[in-house]
Amino acid sequence: MKMHMNDKLRVTIKIADVEPIHFEIDRDEEIVYRKAEYHVNKLWSEWRQANKNKSSQEVLARVALAFAELYYRKSDQLEGQARMIDNFEKQLDDLLLQGE
């Protein structure tokens, strides 16, 4: 059977010392999930070693917060850029319409 890049793929993701999670994704999304798995585990492992007095759950919560913070900072940045582009386009339209 020929496989297409949009075929579904059943994956298992292992994060920290939590039970593995299983779910289905589009095959072409696997690299994103594997990168996320790798980076979450890398940061969790580093912070776990540096914070031996903290529970695994607390370290994992801090990792989740760090990634959420990054997500929202980037989202805000993208929204700001979109507003700036919209304003620029409006100014450009106004300038072009003045010349008519």
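Keep in mind that this is a model prediction, so the values were computed, not measured. One is the number of the first residue; the rest follow in order along the sequence.
A donor-acceptor contact shorter than 3.5 Å links the side chain of Ser75 to the backbone of Tyr71. Listed for the Lys90 side chain is no donor-acceptor partner under 3.5 Å among the backbone atoms of Leu92. At distances below 3.5 Å, not a single donor-acceptor pair connects side-chain atoms of Arg83 with backbone N or O atoms of Leu78. At distances below 3.5 Å, not a single donor-acceptor pair connects side-chain atoms of Asp26 with backbone N or O atoms of Asp7.
Glu24 CD: more than 12 foreign heavy atoms inside a 6.0 Å radius. More than 12 heavy-atom neighbours from other residues, nucleotides or ligands sit within 6.0 angstrom of NZ on Lys14. A 6.0 Å sphere centred on CD of Glu46 holds more than 12 heavy atoms belonging to other residues, nucleotides or ligands.
Rounded to the nearest 0.5 angstrom, Ile13 CD1 and Ile25 CD1 are separated by 6.5 Å. In this structure, CD on Glu58 lies 10.0 Å from CZ on Arg48, to the nearest 0.5 angstrom. With rounding to the nearest 0.5 angstrom, the CZ atom of Arg27 is 14.0 Å from the CZ atom of Arg10. Note that CG of Leu43 and OH of Tyr38 are 11.0 Å apart. Values are rounded to the nearest 0.5 Å. Atoms CG and OG, from Asp17 and Ser55 in turn, are 9.0 Å apart once rounded to the nearest 0.5 Å.
Residue Val32 is not grouped with residue Ile15 when hydrophobic side chains (ILVMFWY) are merged at heavy-atom distances under 4.5 angstrom, including chains of intermediate members.
For the pair Ile31 and Asp28, the tightest heavy-atom approach, listed with the atom from each and the gap, is CG2-O, 4.5 Å. Closest approach of Pro20 and Thr12 over heavy atoms only: CB-CG2, 3.6 Å.
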Checklist entry - Are Val11 and His22 close enough, and set up right, to give a side-chain contact (heavy atoms from CB on, under 4.5 Å), and what steps lead you there? => result CA-CA 6 Å; Val11 295; His22 312 279; over 6 Å; no
Item to check | Stepwise side-chain contact (heavy atoms from CB on, under 4.5 Å) test for Tyr33 and Phe23 | outcome: CA-CA 11 Å; Tyr33 283 92; Phe23 53 97; 3.7 Å; yes
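Note: Tyr72 and Phe67 fail the aromatic proximity criterion, with ring centroids not under 6.0 Å apart.
No option in His39, Arg34, Lys35 other than Arg34 meets the side-chain hydrogen bond (donor to acceptor under 3.5 Å, both in side chains) test with Glu37.
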